[in-house]
Amino acid sequence: MELDFGKIARIKDIQERLEELSEEGKDLSSPLLTDIRLVGEIYDVFSGMVENPASAEQRKKFIFIILYLFSPGTLAGGKMASGLRGRLQTPSV
């Protein structure tokens, strides 16, 4: 059996890269807005900008916008921010 001390250096390098990627992932997943009470106001603005906000296509666009603003990690498969699902069900409240 041959000892490969280079493994230790490679393991250390991998751990450092994982830590850097983890930090970058946290930064990218940080929400632009945190006050979910703003969802209703954003919905009002959105509704005023589109012709038929109740259409399936427009609802999808609105949900995408809200997820991007409040929970961007969700768009990459992460969990939705707490309380956001309920606000999406009744955005105008």
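In what follows, residues are counted from 1 in the order of the sequence shown.
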Across all chains, not counting sequence neighbours, the side chain to side chain donor-acceptor pair (under 3.5 Å) partners of D35 are R37
Checklist line | Min side-chain heavy-atom separation S55-Q58 under 4.5 Å | finding: yes
If hydrophobic clusters are built by linking Ile, Leu, Val, Met, Phe, Trp and Tyr wherever their side-chain heavy atoms come under 4.5 Å apart, do I8 and L3 end up in the same one? yes
Residues 67-85 vs salt bridge (Lys or Arg N to Asp or Glu O under 4.0 Å), sequence neighbours excluded, gives none
F62 meets the ring-ring contact (aromatic ring centres under 6.0 Å, His included) criterion, sequence neighbours left out, with Y43, F46
Closest heavy-atom pair, V39 versus R87, reported as atoms and distance to 0.1 Å, is CG1-O, 4.0 Å
**Asked** Any side-chain heavy-atom pair from L33 and I42 closer than 4.5 angstrom?
**Response** yes
For M49, the hydrophobic cluster (side chain heavy atoms closer than 4.5 Å, chained through members) also holds V45
Exercise for review: Flag the pair T74 / L84 as yes when at least one side-chain heavy-atom distance between them is below 4.5 Å, and no otherwise.
Suggested key: no
- Judged by atom type as modelled, is there a donor-acceptor pair below 3.5 Å linking the side chain of R59 to the main-chain atoms of A54? yes
Scanning both residues in full, the closest heavy-atom pair of S47 with P53 reads OG-CB, 3.8 Å
Value for CD (E23) from NZ (K26), rounded to nearest 0.5 Å, stands at 5.0 Å
| message | Between L32 and F70, is there a side-chain heavy-atom distance shorter than 4.5 Å? | response | no
When rounded to the nearest 0.5 Å, the distance separating CD1 of I66 from OG of S71 is 11.0 Å
For I14, the hydrophobic cluster (side chain heavy atoms closer than 4.5 Å, chained through members) also holds L18
Those residues at least two apart in sequence (or on a different chain) that pass side chain to side chain donor-acceptor pair (under 3.5 Å) with E57 are K61
Linked, directly or transitively: L28 and L67 (ILVMFWY side chains, under 4.5 Å): no
Would you check, one step at a time, whether the test side chain to side chain contact (heavy atoms under 4.5 Å, CB included) holds for L38 with L69?
CA-CA 11 Å; L38 293 173; L69 293 172; over 6 Å; no
Got more than 12 heavy atoms from elsewhere within 6.0 Å of CD, E16? yes
Taken to the nearest 0.5 Å, the spacing of S29 OG from E24 CD works out to 10.0 Å
